[in-house]
Amino acid sequence: MGTIIDRVDVTSGGWRNRHSALRLAVSAAKTCLENAERSPDEVDLLVNAGLYRDRNLGEPALAAMIQEDIGAHPEDPHTGEHGTFSFDIANGTCGVLTGLQIVDGFLRSGTIDCALVVASDADPGHRMSENFTFSAAGGAVLCSWTDEDYGLGRVHWVNDFDGSDAFSATVGGIDSRNVLRFRESASMDERYAAAAAAAATEALTDACLTLADIDAVVLAPPRPEFRSALARHLGLPDSRVVVADDEHIHTAALVAGLDAGGRRAGTRTLIIAAGAGVTAGAAVYAELPANGSHAFGQVLDGQ
């Protein structure tokens, strides 16, 4: 039994969306639902894993705003009927994997039937950030449940607390404005890779598999140095590690990597993500066989 990824879609920031994480997330969510031929009201759970948003907004939860804008039970649920439960999580480039783990718990318990994990980032604009280097992009993953022995395996996490200075993002006041700043160390990619390799080893061991049993490795973030370092730790050529085409995508990077992976029916994918903390997670995902229903989206240029 496991959580099935029914659809993934990614949207990039055009001129109208480049300063709006909300618009990017809404665009990706709507596209994902439309391509899957699902109604927004079918979404029982919406999890937003995006971080960098409009005007450095902290409250209310962006997930609630996304829920309203896509039309997923925007009103209070009526007595005896269900609504859409939505909330934000914050775990950097590991956020989508964290979201999938949370969704898996809800689906496994039978509490929900359909879930949507979204992530997006954009320069908050209006002099509210310094040296913002992440691409404006959004991604959405539509999930359901199967009673067959496929889907998302157990997610394994590894933490390297000694690497807490590897990457940081802080918001502080300057001239009555909240300004977003970034800092990363020279050892960032190597620390990410060491933790990610350890998490991947745990996931494979738990699934009684080796890398020889894995058809694809999907990784986030898509930093070239991190990709090469992880491949070296795992003893793989760089070409075996699939990442998003855009190396500057942040929280939506795992969605873009899954989309770029071109996964085939009946195959196994090792999903790996690493981020600030240092935190890294990994899980094995087993695709449904050819007779299962499965579809994947294309990267769309936001308009």
So which atom in [X] and which in [Y] form the shortest heavy-atom distance, rounded to 0.1 Å?
X: Val218; Y: Gly257; answer: CG1-C, 3.5 Å
X: Ala265; Y: Pro289; answer: CB-C, 3.7 Å
X: Pro40; Y: Gly71; answer: CB-O, 3.6 Å
X: Tyr192; Y: Gly275; answer: OH-C, 3.3 Å
X: Ala203; Y: Leu270; answer: CB-CD1, 4.4 Å
X: Asp6; Y: Ser144; answer: OD2-OG, 2.5 Å

*Quick one: sort the His250 and Tyr52 rings into parallel, tilted or perpendicular, breaks at 30° and 60°.*
parallel

*Aromatic ring centroids of Phe182 and Phe134 under 6.0 Å?*
yes

Is there a path of hydrophobic side-chain contacts, each under 4.5 Å between heavy atoms, that joins [X] and [Y]?
X: Leu258; Y: Ile102; result: yes
X: Val158; Y: Ile272; result: no
X: Leu234; Y: Val243; result: yes
X: Ile89; Y: Leu51; result: no
X: Phe226; Y: Leu236; result: yes

Judged by atom type as modelled, is there a donor-acceptor pair below 3.5 Å linking the side chain of [X] to the main-chain atoms of [Y]?
X: Asp41; Y: His73; answer: yes
X: Arg227; Y: Val241; answer: yes
X: His156; Y: Ala199; answer: no
X: Asp213; Y: Thr210; answer: yes
X: Thr84; Y: Val43; answer: yes
X: Ser120; Y: Ala21; answer: yes
X: Ser20; Y: Arg23; answer: yes

_Stepwise side-chain contact (heavy atoms from CB on, under 4.5 Å) test for Asp9 and Asp259_ = CA-CA 7 Å; Asp9 280 280; Asp259 192 45; over 6 Å; no

Considering only heavy atoms from C-beta outward, does the side chain of [X] approach that of [Y] to under 4.5 Å?
X: Thr93; Y: Leu254; value: no
X: Asp54; Y: Met65; value: no
X: Trp157; Y: Cys94; value: yes
X: Asn48; Y: Phe87; value: no
X: Arg223; Y: Met188; value: yes
X: Thr267; Y: Tyr285; value: no
X: Trp145; Y: Asp104; value: yes
X: Thr11; Y: Thr31; value: no

Pairwise distance [atom1]([X]) to [atom2]([Y]) - rounded to 0.5 angstrom:
X: Leu230; Y: Glu190; atom1: CG; atom2: CD; answer: 10.0 Å
X: Ile5; Y: Ile271; atom1: CD1; atom2: CD1; answer: 5.0 Å
X: Leu204; Y: Arg268; atom1: CG; atom2: CZ; answer: 10.5 Å
X: Glu34; Y: Arg7; atom1: CD; atom2: CZ; answer: 10.5 Å
X: Leu107; Y: Cys143; atom1: CG; atom2: SG; answer: 7.0 Å
X: Ile70; Y: Leu33; atom1: CD1; atom2: CG; answer: 5.5 Å

*Do Asp246 and Ser135 get their side chains close enough for a donor-acceptor pair, meaning under 3.5 Å?*
yes

*Examine the side chains of Ser187 and Ser185 and answer whether a donor and an acceptor come within less than 3.5 Å of each other.*
yes

_Working note: Val155 + Leu100, criterion side-chain contact (heavy atoms from CB on, under 4.5 Å); need CA distance, chi angles, decisive distance, verdict._
CA-CA 9 Å; Val155 181; Leu100 290 174; over 6 Å; no

*CA sep, side-chain torsions, deciding dist, call: Arg53, Asp88, side-chain contact (heavy atoms from CB on, under 4.5 Å)*: CA-CA 12 Å; Arg53 55 190 67 174; Asp88 290 347; 3.3 Å; yes

_Walk me through whether Val8 and Val10 qualify under side-chain contact (heavy atoms from CB on, under 4.5 Å)._
CA-CA 7 Å; Val8 297; Val10 179; over 6 Å; no

*Electrostatic pair Arg191:Glu184 at N-O distance under 4.0 angstrom*: no

*Within 6.0 angstrom of Arg183 CZ, more than 12 heavy atoms from elsewhere*: no

*Around Glu37, counting heavy atoms of other residues, nucleotides and ligands shown, do more than 12 lie under 6.0 Å from its CD?*
no

*asked:* I need the single residue from Thr279, Thr98, Thr251 that forms a side-chain hydrogen bond (donor to acceptor under 3.5 Å, both in side chains) with Asn91. Which is it?
replied: Thr98

